[in-house]
Novice: 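Please see the structure below; I have some questions.
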Amino acid sequence: MLIEFIKVFGYRLILAAATFLADVVLSRHLGPELKGYYYLLIITPILFAVVVSLGQDYAINYWGHIEPESIFRFYMSSLMLVLFTGVIAFCLLYLDVAGSLSFILSGVDKNFSMAKRLSMLSLIIEPLFIITGMLLITRKQPVEYGKMRIVRRGGFLLAILIVFQVIRSRDESLFMALIIVQFGAVIVSVVYGLVKTNFRFQLPGYKINALLSEGANSYLGRLSERFLLRAGSIILGALASGKAVGYLSVALGISEVLFFLSGSLAYVLFSKNARENWKNHAQACRLILPTACVLALATGLVSQAAIPFLYGKEFSISTHLVWILLPGTVFMSMVYTMSPFLLQRKLSRLISASYFTGLLSNGLLCLTIIPSLGAKGAAASITISYGITWAFMLTGLCIHEKIPVSTFLVCTKTDLWQTFRALRKLHTNT
């Protein structure tokens with residue numbers, strides 16, 4: 001089990017590096033405005049793909065544990081559902097019914113109409129990645145899931161390097177090529193995941209109602225989480241400009257590295273013990289909080305020189321946005337540290353309520369602040385809403401367990417000593 005934790009940690013670091021390098025390549029070749037258009041063309045349909053997925057990833061996980069012998073039947077049934085809803089959503093948006101496509105991609109230049117339509121294929125393709133990833137997790141193959149994500153991100157990185165060498169123009173044809181290679185990377189990673197599960201085709205249609213019912217239980221939380229993370233960028237594109245989104249996308253990419261680092265550290269050191277009771281979980285939170293703060297400070301200092309050097313001087317504005325976002329990424333690091341424990345305690349409704357509260361605050365703040373402050377207003381809105389999400393989740397857990405909030409916040413000498421012993425044990429066992 002310990003070796004598996006370390007492998008997962010390593011793969012998460014590789015994934016973070018590949019994601020970071022791809023973002024640097026895209027930013028240097030596109031510049032702020034075109035990078036903003038690209039970001040909206042990619043993240044917006046991926047965000048709505050979560051709507052199309054109907055919570056089927058969680059449904060597969062639930063029923064796959066109850067009837068593991070029928071896991072592939074559940075997968076095929078879920079696949080049928082997400083393909084059906086994905087095709088309908090794609091057709092509606094492709095035809096721009098009731099101005100739907102124009103509305104959700106209003107931040108992208110009107111001259112990119114074909115690229116907008118092509119990007120909507122994510123509504124069909126992205127759910128395949130979502131449910132295939134959960135298939136691996138349900139079959140207790142987290143290492144292979146990590147590899148699957150690396151295949152996607154690494155394949156995309158290699159593909160865009162080729163695209164930028166072949167297509168020198170900066171028009172719609174470049175964006176369409178980037179969207180197509182994104183789809184290719186997703187499909188290759190899905191095939192990889194299915195191969196690793198020793199997939200066996202079975203006829204769909206098994207327990208459709210049960211899958212829909214279980215998917216609905218986690219649907220609100222899933223949607224709220226994804227929209228909380230990305231709605232600010234979409235609203236910024238609609239109310240400001242593509243260039244503002246380009247600046248924010250770079251800052252988000254750098255600040256969110258903390259999600260990988262602090263989340264991976266919690267997974268390796270505390271995944272087993274922290275889920276046993278609230279005392280162990282509280283200790284995990286007390287240690288991850290100062291760790292995330294130190295990492296945030298280091299990230300902020302390094303980014304001051306790294307952004308102009310790696311992304312180009314035209315992205316220098318992003319250095320200010322990083323500092324605004326970093327407190328928020330600390331808050332969300334704590335949210336992701338707490339979420340597994342809450343699931344273990346069957347408090348999924350608290351998770352959903354926390355994300356939904358954060359999403360509402362994010363939307364209201366963005367609509368209020370962005371018109372006057374632009375990208376800085378979007379960054380501030382994101383940080384404040386992340387803080388509200390964590391505060392809601394922490395308060396709810398403390399009320400449920402009847403313990404003071406300080407139990408999760410103040411690090412003690414005992415915590416540090418036990419962490420040192422855990423690290424020594426980790427080193428000895430490896």
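Each residue takes its place number in the sequence, starting with 1.
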Novice: Walk me through it: do R226 and E126 pass the test salt bridge (charged side-chain N to carboxylate O under 4.0 Å, His left out)?
Specialist: CA-CA 14 Å; R226 295 303 177 183; E126 188 66 25; over 6 Å; no

Novice: So, does T44 use its side chain to make a donor-acceptor pair with the main chain of L41 at under 3.5 Å?
Specialist: no

Novice: Once rounded to the nearest 0.5 Å, what's the spacing between atom CD1 of I179 and atom CE of M176?
Specialist: 7.0 Å

Novice: For residues L239 and L367, determine if any side-chain heavy atom of one lies less than 4.5 Å from a side-chain heavy atom of the other.
Specialist: yes

Novice: As an exercise, state the distance from CE of M393 to CD1 of I388, rounded to the nearest 0.5 Å.
Specialist: 13.5 Å

Novice: So does F164 have more than 12 non-hydrogen atoms from other groups sitting under 6.0 Å from CZ?
Specialist: yes

Novice: Please determine whether the number of non-hydrogen atoms from other residues, nucleotides or ligands lying under 6.0 Å from atom CZ of R170 exceeds 12.
Specialist: yes

Novice: Report the relative orientation of the aromatic rings in Y336 and Y355; use parallel for angles under 30°, tilted for 30 to 60°, perpendicular for over 60°.
Specialist: tilted

Novice: How many angstroms lie between OH in Y38 and CD1 in I43, if you round to the nearest 0.5 Å?
Specialist: 11.0 Å

Novice: Take L248 and L325 through the test side chain to side chain contact (heavy atoms under 4.5 Å, CB included) and record every step on the way to the result.
Specialist: CA-CA 10 Å; L248 181 64; L325 288 168; 4.2 Å; yes

Novice: Once you round to the nearest 0.5 Å, how far does OG1 of T389 lie from CG of N362?
Specialist: 8.0 Å

Novice: Let me confirm one number: the CG-CG distance from L161 to L21, rounded to the nearest 0.5 Å.
Specialist: 9.0 Å

Novice: What are the two closest heavy atoms between S122 and A49, and how far apart are they?
Specialist: O-CB, 3.7 Å

Novice: With a 4.5 Å limit on heavy-atom distance, are the side chains of I382 and I324 in contact?
Specialist: no

Novice: Does E172 reach the main-chain N or O of M114 with its side chain, forming a donor-acceptor pair under 3.5 Å?
Specialist: yes

Novice: Check side chain to side chain donor-acceptor pair (under 3.5 Å) between E33 and all other residues, then give those that pass, not counting sequence neighbours.
Specialist: Y37

Novice: With the side chain counted from C-beta on, respond yes when L326 and T299 share a heavy-atom pair under 4.5 Å apart, and no when they do not.
Specialist: yes

Novice: Which heavy atom of Q56 sits nearest to which heavy atom of I131, and what is that distance?
Specialist: CB-CG2, 4.1 Å

Novice: When you check the side-chain N and O atoms of Y75 and T132, is any donor under 3.5 Å from an acceptor?
Specialist: yes

Novice: I need the minimum non-hydrogen distance between R149 and F129, along with the two atoms involved.
Specialist: CG-CZ, 4.0 Å

Novice: So, does T85 use its side chain to make a donor-acceptor pair with the main chain of V52 at under 3.5 Å?
Specialist: yes

Novice: Is there any ring pair (Phe, Tyr, Trp, His ring centres under 6.0 Å) pair reaching into residues 210-244, and which pairs are they, with sequence neighbours excluded?
Specialist: F48-F227

Novice: Between W323 and T319, is any pair of side-chain heavy atoms under 4.5 Å apart?
Specialist: no

Novice: Any sub-3.5 Å donor-acceptor pair from S213's side-chain atoms to N209's backbone N or O?
Specialist: no

Novice: Any donor-acceptor pair under 3.5 Å linking the side-chain atoms of S102 with those of D96?
Specialist: yes

Novice: So which atom in I46 and which in I42 form the shortest heavy-atom distance, rounded to 0.1 Å?
Specialist: CG1-O, 3.2 Å

Novice: Test S233 against L252 for side chain to side chain contact (heavy atoms under 4.5 Å, CB included), laying out the working first.
Specialist: CA-CA 10 Å; S233 301; L252 283 170; 3.5 Å; yes

Novice: For atom CZ of F309, decide whether the heavy atoms of other residues, nucleotides or ligands shown that lie under 6.0 angstrom number more than 12.
Specialist: no

Novice: Output, in order, the C-alpha distance, side-chain angles, deciding distance and verdict of side chain to side chain contact (heavy atoms under 4.5 Å, CB included) for F84 and I88.
Specialist: CA-CA 6 Å; F84 178 74; I88 291 176; 3.5 Å; yes

Novice: Measure up the F112 and F175 rings against each other and bin them: parallel (under 30°), tilted (30 to 60°), perpendicular (over 60°).
Specialist: tilted

Novice: Answer yes or no: is there a side-chain heavy-atom contact under 4.5 Å between Y247 and K35?
Specialist: no

Novice: Please answer whether the main-chain N or O of K116 pairs with a side-chain N or O of S119 as donor and acceptor at a distance below 3.5 Å.
Specialist: yes

Novice: For H400, I'd like to know if atom NE2 has over 12 heavy atoms of other residues, nucleotides or ligands within 6.0 Å.
Specialist: no

Novice: Is the NZ or CZ atom of R117 both under 6.0 Å from the centre of the six-membered ring of Y94 and within 45° of that ring's axis?
Specialist: yes

Novice: Quick check against the 3.5 Å criterion: does S53 have a side-chain atom that pairs as donor or acceptor with the backbone of V50?
Specialist: yes

Novice: Run F156 and Q182 through side chain to side chain contact (heavy atoms under 4.5 Å, CB included) and show every step you take.
Specialist: CA-CA 6 Å; F156 177 67; Q182 169 82 5; 3.5 Å; yes

Novice: Please report the interatomic distance CD1(I307) to CG(L310), rounded to the nearest 0.5 Å.
Specialist: 9.0 Å

Novice: Are the charged groups of E69 and R139 less than 4.0 angstrom apart, N to O?
Specialist: no

Novice: Are any non-hydrogen side-chain atoms of V97 and L93 less than 4.5 angstrom apart?
Specialist: no

Novice: I'd like to check L26 versus L178 (side-chain heavy atoms, cut-off strictly below 4.5 Å). Are they in contact?
Specialist: yes

Novice: Any salt bridge linking R230 with E256? Criterion: basic side-chain nitrogen under 4.0 Å from a carboxylate oxygen.
Specialist: yes

Novice: Minimum heavy-atom separation for L397 and M338, please, with both atom names.
Specialist: CD2-CE, 3.6 Å

Novice: Measure across F392 and S354 and return the closest heavy-atom pair with its distance rounded to 0.1 Å.
Specialist: CD2-OG, 3.3 Å

Novice: Are the side chains of S318 and Y311 in contact, using a 4.5 Å heavy-atom criterion?
Specialist: no

Novice: For K243, does the NZ atom have more than 12 heavy-atom neighbours from other residues, nucleotides or ligands under 6.0 Å away?
Specialist: no

